[in-house]
Amino acid sequence: MSEELAPRLDPRAIEPALYKAWEEGGYFHVPASAVSEDGREPYVIVIPPPNVTDRLHVGHGLNNTVQDVLIRWRRMQGRASLWVPGTDHAGIATQNVIERQLAAEGLRKDDLGREKFVERVWEFVGETGGTILEQLKAIGASCDWSRTRFTLDDDLQVAVREVFVSLYEKDLVYRGEYIINWCPRCLTALSNEEAEGEETQGSLWHLRYPLSEAAADAARSAAEAGAEAIGQLEDGRWYLTVSTTRPETMLGDTGVAVYPSDERYQALIGADVVLPLSGRSIPIVADRHVDPEFGSGMVKVTPAHDRNDFEIAGRTGLELLDVMTPDAKMGEGAPEAFRGLDRFDARKAVLAALAEEGLVAGQEDHTLSVPHCYRCHTVVEPRLSEQWFVSMKPLAEPALEASRDGTITFTPSHWKRVYEHWMENIQDWCISRQLWWGHRIPVWYCACGEQIVARVDPTECPKCGSSDLEQDPDVLDTWFSSQLWPFSVFGWPKESEDLDVFYPGHVLSTAPEILFFWVARMIMMGYEFQGETPFTQVYLHGTVRDMKGRKMSKSLGNGIDPLRVVEEFGADAMRYTLISQAAVGTDISLDHEDVESAFANGRNFANKIWNAGRFALMSLGDAPVRPIASVADDMALEDRWMLSRLELAASEATRSLERFRLHDVAEGLYHFFWGEICDWYLELVKTRLRPEADEATREAARSTLVTVLDQAFRLLHPIVPFVTAELWSRLPWPEGAERPEDLIIAPWPTADEGWRDEDVERRMSDFQSLIVEVRRLRKEYGVPDAQRIGVHLLGGPDGFTDGIVGQLAVFEQLARVDRVEMSAPSGVGAHAVLPNGGEIIIPLEGVIDVERERTRMRTEIERLDGLVMGVEKRLANDKFVANAPEEVVQKERDKAAQMGDQASKLREKLAGLEA
RNA sequence: GGGCGCUUAGCUCAGCUUGGUUAGAGCACCUGCCUUACAAGCAGGGGGUCGGGGGUUCGAGUCCCUCAGCGCCCACCA
């Protein structure tokens, strides 16, 4: 502590150097031997790998701060605390970025060809990939960087193949032609999770389909029987009515369905309909999927463009007719007049053509959920297509059980139900993607018809011996590789000490958005391939939103750049601000238009810590510090109080961390440091620390101060690592005590020193209320700050006034008092009664407005009387006394007595004033 | 259509699991202070019928029912 510290914290001056020192000190690196040889208990978090192309946004800031807080805390607890970093190749997202780049150059991906395109992506990823990991360092993330992985690394590719082939061998991966979600812009299949429904205001059109001549009699009798959906056109033809929200799909209709036992239409089952615009004859079939209560009770069936219709066709044998091209234009199967039209133009054209023929029966407003591509937001088109799927039901069983039996816990707990509901209703997962960037599907096709699914690229067909094999052109859904992340990062399927030691991990921290995409699938894969869960605690934090409650996003332009926040206010300020708002289960809102005030709280706190540390270091000086135990006899009330509060703060912080109550940890420590250490302790010991103070009392204060700051910095370190580390390293150290090498590994306070002392806390509380009351009276009567006053103290519990005598010096300083007397003053004065019954009277002849003082006292008496009355009413209630716990009743009695006492003292005083 | 969550000070939110001091915090606001750690600060203060209604209870912000408003998730009603 030789150099002067700046009066204002400059994070840029300390943060980069500290981070570098930690990294070089090897504190982030955890080899397997740390566990296997040292016997330390592991604590493992595997990072949710951000997309390689990502830049750090405030959501990452929050998620990674949460993880870092947990990792740093456990590290200080002596755990082998490992945080594995890495990035995800993010199939569609990354491919889209490159495609946009190409578009800017006037190119399309086909101009390059697959190989060149993939090369180009690798090049891009090589240049910018991992930028986000570098950015994580700026916020202080203490990852084991030596373990950084990428989901497309060679050995992770081995893992992906092993899983695909192994699932195939277990009949859990299959290929088939089904209706899948198709993005006509990305030109790829999507999983159900990747098709995000969005409430949209659309229309429901009612269309008339003419029936064949042969069905006329059946139609007439149905109409006469009251079937409203059946009618007669002007030209005499009979028609039926169907409804749709997507009229263009009618071009692909291959049937009309009714509920099997729907009496209205029994006669029509088997009859033909003449599909308008196409002129094709399509049959009326019976299928249980139809809800006879809805609409006309008749449904147009478009098997190639609707999932339900596809299933109806499967049951009834209706034809599949694809009328669209991959980019969602009307195609081959559609009547010539419509070919080449975009689906939405075709919708208008179809409606116009139908209207011309008098076949549009009506249109009504209809809100429906329209699926959009989660990457490019294009409306997803259900499409008949041959794809690879994972059969999920068998995989879900152990993953569901793990939640039910509590092996895995969710914080906040309500996500447990959401997770279980999804698992219970799980659908098969479409995993093939018509993209170039990703894990290529390890399947080869031979001209002889053989399909080869292999871990290693085959050179010849095992059936016909041909070497003319073609690999499946598709890649796997990006989540197929990220679901293996908790064990693929440790080298699986190779056996390794890392895997033995660090799997399973402990906490998975992420946003709820990817609960199904990722978290659920990791759990399933963990059970399938490791036989146990990949982690036991799932912590789902809130979303960062702007002041209007909108999610922060690039497209809305309402984001906050966390690197700018770090640059301007420091990583500590950002971390504290985010964590202090991260109450379990709630979103965080920050004002993107006023970043300074959004992070002011964190910045101010970091600065407060800095200044308190600066003051302490200056006051402590270089002289040796005595061990805390050796100064116990010389301690003042505030020293004992401070140590007692320290122990309370430590145990509360630990308890909150264990329950992921990070918001409580942050606020609790904020209050402890600012409200107790700074506002009270430092003020109380200021004079005792001066060189001219009595040696014994000075040394007791010095030892206590060093102890409390050392411990407070440890408690604060996980949240605000930089400012605490900088100050901690400069703290003088008690003689004979062992000094940890760095704050980052200093043992976490255990709060078991036996410093808690309720009597001390109560006495201190009396003393604090005395000071606050004097200050309040001074203010109330307008006594200038500079003016010293005299104070008379009366009454209070036994020992109260004696205690004050011991604290006279600080009392005089903190309350700006120059005389304290234990007697009643002769003249009038400002009067107050303390909670413990003690009375304060400040003689202020000439200053006091007697009338005002009376009014004030009357108001106070009234307030107290009201309270006492309430309490007495409760005490008079036999049921209360009988039912309430003993201590509650006792508290009420004490309260009544205490307030009654205060009131009567005021009354006495008031009488005196009035006389 | 199901499921879940939210509604507490001007703003953002704690507190509800396990009912029991006079309901808290940060920011904002008002007043006085550049008191040699800190004006990004210090000291003091104002501000809430805990969304409406009903119920259980000696006692409800907390538990139950109900209504209203907001939000999220899931779902194949054409």
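Values below: all heavy atoms of this structure, side chains included; hydrogens, waters and symmetry mates excluded. Per chain, numbering begins at 1; letters A, B, ... match sequence-line order. Keep in mind it's a predicted model, so treat the numbers as computed, not measured.
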Check your understanding: Are A/Trp415 and A/Tyr419 near enough that their ring centres are under 6.0 Å apart?
Key -> no
**Study point:** A/His206 versus A/Glu364, side-chain donor and acceptor atoms under 3.5 Å
**Key:** yes
Revision key, fill the gap. Output for pair (A/Leu590 CG, A/Leu578 CG), nearest 0.5 Å, gives 6.5 Å
Check your understanding: So, is the end of the A/Lys686 side chain (NZ or CZ) under 6.0 Å from the ring centre of A/Phe615 and within 45° of the ring's axis?
Key -> yes
Point to revise | Nearest-Å distance for atom pair CG/P, residues A/Asp262 and B/rC77 | key: 21 Å
**Study point:** Nucleic acid footprint by protein, nucleotides 35-45 of chain B - heavy-atom cut-off 4.0 Å, B for base, S for sugar-phosphate alone
**Key:** B-BB-BSSBSS
Review point. Between the side chains of A/Thr316 and A/Asp287, is a donor N or O closer than 3.5 angstrom to an acceptor N or O?
Key: no
Exercise for review: Pick the P atom in B/rU12 and in B/rG71, then give their distance to the nearest Å.
Suggested key: 14 Å
Check your understanding: Using a cut-off of 4.0 Å on non-hydrogen atoms, how would the nucleic acid contact of A/Arg893 be classed: base, sugar-phosphate, or nothing?
Key -> nothing
Check your understanding: Given atom CD of A/Gln581 and atom C1' of B/rG26, what is their separation to the nearest angstrom?
Key -> 9 Å
Review point. Taking NZ, NE, NH1 and NH2 as the nitrogens, is one of them in A/Arg775 or A/Glu780 under 4.0 Å from a carboxylate oxygen of the other?
Key: no
Check your understanding: Considering heavy-atom distances to RNA chain B, does A/Leu204 or A/Ser597 have its closest nucleotide positioned more toward the 5' end?
Key -> A/Ser597
**Study point:** Heavy-atom donor-acceptor pair, A/Asp253 side chain to A/Gly255 backbone, under 3.5 Å
**Key:** no
Exercise for review: Assess whether atom OH of A/Tyr259 is packed by more than 12 heavy atoms of other residues, nucleotides or ligands within 6.0 Å.
Suggested key: no
Exercise for review: Calculate the interatomic distance between A/Tyr576 atom OH and B/rC13 atom C1'; express it in whole Å.
Suggested key: 13 Å
Check your understanding: Does one side chain, of A/Tyr374 or A/Glu194, offer a donor that lies under 3.5 Å from an acceptor on the other?
Key -> yes
Review point. Can you name the nearest heavy-atom pair linking A/Pro7 to A/Arg614, along with the distance?
Key: CA-CZ, 3.3 Å
Review point. Within this structure, what is the CG-to-C1' distance between A/Asp287 and B/rA78, rounded to whole angstrom?
Key: 13 Å
Review point. Is it true that A/Arg417 and A/Glu420 make a salt bridge, defined as a side-chain N closer than 4.0 Å to a carboxylate O?
Key: no
Practice item. Could you state the atom-to-atom distance from NZ of A/Lys300 to P of B/rC77 in whole Å? Key: 15 Å
Review point. So what's the dot-bracket for RNA chain B: Watson-Crick or G-U pairs under 3.5 Å, [ ] if a pair crosses, | if it pairs off-strand?
Key: (((((((..((((......[...)))).(((((.......))))).....(((((..]....))))))))))))....
Exercise for review: Pick the C1' atom in B/rC77 and in B/rG61, then give their distance to the nearest Å.
Suggested key: 42 Å
Check your understanding: Is there a side-chain polar atom (N or O) of A/His366 under 4.0 Å from OP1 or OP2 of B/rA78?
Key -> yes
Check your understanding: Just by protein heavy atoms under 4.0 Å, how would nucleotides 57-64 of chain B read 5' to 3' in B, S and -?
Key -> -B------
Review point. Rounding to a whole Å, what distance do you find between A/Glu892:CD and B/rU21:C1'?
Key: 7 Å
Exercise for review: May I have the distance from A/Leu875 (atom CG) to B/rU21 (atom C1'), rounded to whole angstrom?
Suggested key: 12 Å
Review point. Would you say A/Trp610's side chain and A/Ala6's backbone share a donor-acceptor pair under 3.5 angstrom?
Key: yes
Practice item. Would you check if there is a donor-acceptor pair between the side chains of A/Lys300 and A/Thr249 at a distance under 3.5 Å? Key: yes
Check your understanding: Do NZ/NE/NH1/NH2 and the carboxylate oxygens of A/Glu652 and A/Arg661 come within less than 4.0 Å?
Key -> no
Point to revise | Near-strand residues of residues 252-260 of chain A, defined as heavy-atom separation under 4.0 angstrom from RNA chain B | key: none
Revision key, fill the gap. Letter by letter from the 5' end, nucleotides 69-76 of chain B scores (B base, S sugar-phosphate only, - none; protein heavy atoms under 4.0 Å) -----SBB
**Study point:** Row check, A/Trp205 ring normal vs A/Arg347 NZ/CZ: under 6.0 Å, within 45°
**Key:** no
Exercise for review: Between B/rC70 and B/rG55, how far apart are the C1' atoms? Round to whole Å, please.
Suggested key: 26 Å
Exercise for review: Provide the distance between the two C1' atoms, one in B/rG10 and one in B/rG59, to the nearest whole Å.
Suggested key: 32 Å
Exercise for review: If a pair satisfies salt bridge (charged side-chain N to carboxylate O under 4.0 Å, His left out) and one of its residues is in residues 569-579 of chain A, list it, with sequence neighbours excluded.
Suggested key: A/Asp68-A/Arg575
Exercise for review: Tell me, with the steps shown, if A/Gln363 and A/Leu204 meet side chain to side chain contact (heavy atoms under 4.5 Å, CB included).
Suggested key: CA-CA 6 Å; A/Gln363 172 185 1; A/Leu204 180 65; over 6 Å; no
Practice item. For B/rU36 and B/rC42, measure between their C1' atoms and round to the nearest Å. Key: 14 Å
Practice item. Provide, to the nearest angstrom, the distance between the CG atom belonging to A/Asn601 and the P atom belonging to B/rC13. Key: 15 Å
